[in-house]
Amino acid sequence: MLDIRQFRENPDHIRERLATRGEEFAAKVDDVVRLDSERREANTAVEELKAKRNAASKEIGALMGQKKLDEAEAKKAEVRDIGDQISELDAKAGQVDTKLRDILLRLPNLPHADVPVGATEEDNTEISQWGEKPAFDFEPKPHTEICESLGLVDFARGAKLSGSGFLLYSGWGARLERALIQYLLDMHVHEHGYTEVSPPFMVGYDCMIGVGQFPKFEDQAYMVQEGLDEESRGKLYLIPTAEAPVANIHREEILKNEELPKYYCAYSPCFRAEAGAAGVGTRGMIRVHQFDKVELIKVVEPEGSYDELQKMLGNAEKILQSLNLHYRILQLCTADMSFGSATTYDIEVWAPGQGDYLEVSSCSNCEDYQSRRMNLRYKDADGKNRHPHILNGSGTALARLFVALIETYQQPDGSIAIPEPLQSYLRTDRIPASE
RNA sequence: GGAGAGAUGGCUGAGUGGUCGAAAGCGCUCCCCUGCUAAGGGAGUAUAGGUUAACGCCUAUCGAGGGUUCGAAUCCCUCUCUCUCCGCCA
């Protein structure tokens, strides 16, 4: 959520920055400014009336104490009238407030000044590349073929169980997935200093609001119902990312500044309805309704949050480097960034069988956008309450990492070589060509 | 799922309709006093919003939301969470 004070002090700046993400957002600025002043006006009026009522009520109390009952009764009649005015004005103020809040919750974060302005993903800029595309002396197969021939993923039965977009990992495939999860967590915990957490895989509405998923993207979430109780529907949602629970860990808290920074990492499955998204219906592991991911979350003081973002990006890169997978880093343009982000870097890993780069990580600094939505604060060195910056990054998404790994390390004989760091996790240096 | 108890400021804990935003204690901060040792005295110590040049003033908040009332921490309703016991269960 954007700071309402900024709208009062510098609406032009907000309008200009929002316009880089879409004119429809910039168009809301005037509404916000107008509603804010309406709200304050109504509020002031209500508060004045309340002050009057409180004072009069105290007088009544005093009169009652002195047994001056007639005077007290007269006063009561007078105050009752004030009460009616208050409820009327209060209701009006409440309506304005709801309207204002609704608009604010649907406005995205302001992009950082350094973010390239763009209209589509075509306008993202490549920052760097690491490694090289591996050379093959045979035609590299796509992961779907490899998975089928080695029995790593049973696409047909996954679909039989839950529909398209659901995967049944099996045998070496299931073991590789588990090995990767373990490997990623261990690296972030032991080498990068993150605290591992294992969060609930369902969260309440407020958590989804807090990270900016809701209200705008409610159509993309899986809503849960308890048994046949329709009343319970909407109390919980399957998490689209571990960011939803983990970034909310300290929601509505006031942290001490010495408690910062907080570094969390978490494994979780991620559930995405992907309503209307391209590629959901197609076979394979690139876009699915459920995938595993190891997520990194940081809660830090605003000063230095961009250094923390670079470090986080480096932590995610380290995974790919250690597995010797070629990748590139993109900085997303204003239009392609997620809702709450002020700056986002995507890491795309090379998948030879696809002949394409796959997004496996997205590292964002949301600045105080989320902490404001979730009312998370910390006391700074001067004892003032401030909103910390919240960063999130995938470290990394699993299904696509799985794809890149098996497509990169496929051998002419159909087996898959296992990179050295994973060998102890998988207890082999090679997934054999056939069982 | 059933029965019961509870939720008050950083913590402990009073407070059942009228200067209660809230006693007391602990903790913490500052000041004073004292130089023989975890001593004593005093002051301060929630959050948000509005208003003011500022001191300040006003409003809201005693788990959350609603209601009764001139007035609610206190009465009523709904919800959430915690604890105890029983049942069921991975």
Side-chain angles (χ1 to χ4, degrees), chain A residues 1-9 32-101 104 198-210 224-237 245 248-260 368 371-388:
Chain A
M1 191 152 63
L2 300 173
D3 187 354
I4 188 69
R5 261 170 284 212
Q6 277 200 57
F7 282 87
R8 290 174 205 158
E9 288 160 15
V32 171
V33 172
R34 183 176 48 80
L35 287 169
D36 177 52
S37 87
E38 263 179 47
R39 183 185 62 91
R40 278 191 296 166
E41 233 168 78
N43 236 340
T44 308
V46 168
E47 286 181 3
E48 274 170 15
L49 285 173
K50 282 185 178 169
K52 242 194 209 170
R53 183 182 66 184
N54 288 346
S57 288
K58 275 186 187 168
E59 283 178 43
I60 292 172
L63 290 171
M64 301 283 271
Q66 296 163 32
K67 301 280 181 215
K68 296 178 178 170
L69 296 182
D70 290 348
E71 286 179 50
E73 285 304 321
K75 203 85 186 168
K76 277 189 194 179
E78 190 184 309
V79 178
R80 197 173 293 136
D81 204 46
I82 299 179
D84 292 342
Q85 293 179 49
I86 289 176
S87 6
E88 198 180 312
L89 265 175
D90 235 355
K92 202 181 290 176
Q95 281 172 11
V96 175
D97 198 54
T98 306
K99 226 188 279 177
L100 178 61
R101 191 176 156 75
L104 284 176
S198 180
F201 298 157
M202 294 187 258
V203 295
Y205 193 87
D206 288 343
C207 285
M208 297 291 268
I209 286 277
V224 173
Q225 173 174 313
E226 274 176 43
L228 300 176
D229 179 11
E230 291 188 21
E231 294 274 305
S232 69
R233 194 188 296 162
K235 272 167 68 180
L236 292 172
Y237 297 82
N248 274 290
I249 288 176
H250 299 290
R251 180 155 59 95
E252 283 166 46
E253 292 182 20
I254 301 176
L255 299 170
K256 302 191 182 85
N257 67 332
E258 61 264 27
E259 291 182 81
L260 298 181
D368 61 3
S371 57
R372 205 178 290 285
R373 287 170 86 98
M374 61 181 76
N375 199 21
L376 163 62
R377 290 159 296 174
Y378 77 100
K379 283 217 183 294
D380 70 9
D382 300 325
K384 279 196 60 171
N385 289 330
R386 297 175 67 193
H387 295 287

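Every chain is numbered from 1, with letters handed out A, B, ... down the list of sequences.
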Sugar-phosphate, base or nothing in reach of [X], heavy atoms under 4.0 Å:
X         : result
Lys256(A) : nothing
Ala51(A)  : sugar-phosphate
Arg8(A)   : sugar-phosphate
Lys75(A)  : nothing

message: Quick check for you: name the first and last nucleotides of RNA chain B, 5' to 3', having an atom under 4.0 Å from a heavy atom of chain A.
response: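 Nucleotide range with atoms under 4.0 Å of chain A: rG18(B) to rG71(B).
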Closest non-hydrogen atom pair, [X] against [Y]:
X         : Y         : result
Met208(A) : Tyr237(A) : CE-CB, 4.3 Å
Leu260(A) : Tyr378(A) : CD1-CG, 3.5 Å
His250(A) : Leu376(A) : O-CD1, 3.1 Å

Which whole number of Å gives the distance between the [atom1] atom of [N] and that of [M]?
N       : M       : atom1 : answer
rC28(B) : rU16(B) : C1'   : 33 Å
rA64(B) : rU12(B) : C1'   : 24 Å
rA46(B) : rA73(B) : C1'   : 16 Å
rA60(B) : rG71(B) : C1'   : 16 Å
rG44(B) : rA24(B) : P     : 11 Å
rU74(B) : rG65(B) : P     : 13 Å
rU80(B) : rA38(B) : C1'   : 43 Å
rC20(B) : rU61(B) : C1'   : 13 Å

If [N] has a Watson-Crick or G-U wobble mate with both distances under 3.5 Å, name it; if not, just say none.
N       : result
rA53(B) : none
rU34(B) : none
rU68(B) : none
rA22(B) : none
rU82(B) : rA5(B)
rC28(B) : rG44(B)
rA39(B) : none

task: On RNA chain B, check which nucleotide each of Ala77(A) and Arg39(A) is closest to and give me the residue with the more 5' one.
output: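 The residue whose closest nucleotide sits nearer the 5' end is Arg39(A).
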Closest-nucleotide 5' rank along RNA chain B - winner of Asn54(A) and Glu226(A):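 With Glu226(A) and Asn54(A) compared, the 5'-side residue is Glu226(A).
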message: Applying salt bridge (charged side-chain N to carboxylate O under 4.0 Å, His left out) as the test, list every pair that has at least one member in residues 89-98 of chain A; sequence neighbours left out.
response: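 Salt bridge (charged side-chain N to carboxylate O under 4.0 Å, His left out) check on residues 89-98 of chain A returns Arg39(A)-Asp97(A), Lys50(A)-Asp90(A).
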query: Does Arg80(A) pair with Asp84(A) as a salt bridge, N-O distance under 4.0 Å?
result: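 Result for this pair is no, no salt bridge flagged.
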Salt bridge Asp368(A)-Arg372(A), side-chain N to carboxylate O under 4.0 Å: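 Salt bridge between Asp368(A) and Arg372(A), a charged N being under 4.0 Å from a carboxylate O: yes.
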- prompt: Any side-chain heavy-atom pair from Ser371(A) and Arg377(A) closer than 4.5 angstrom?
  reply: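 Side-chain contact under 4.5 Å: no.
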query: Does the side chain of Leu63(A) reach to within under 4.5 Å of the side chain of Asp70(A), using non-hydrogen atoms?
result: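 SC-SC contact between Leu63(A) and Asp70(A) ruled out.
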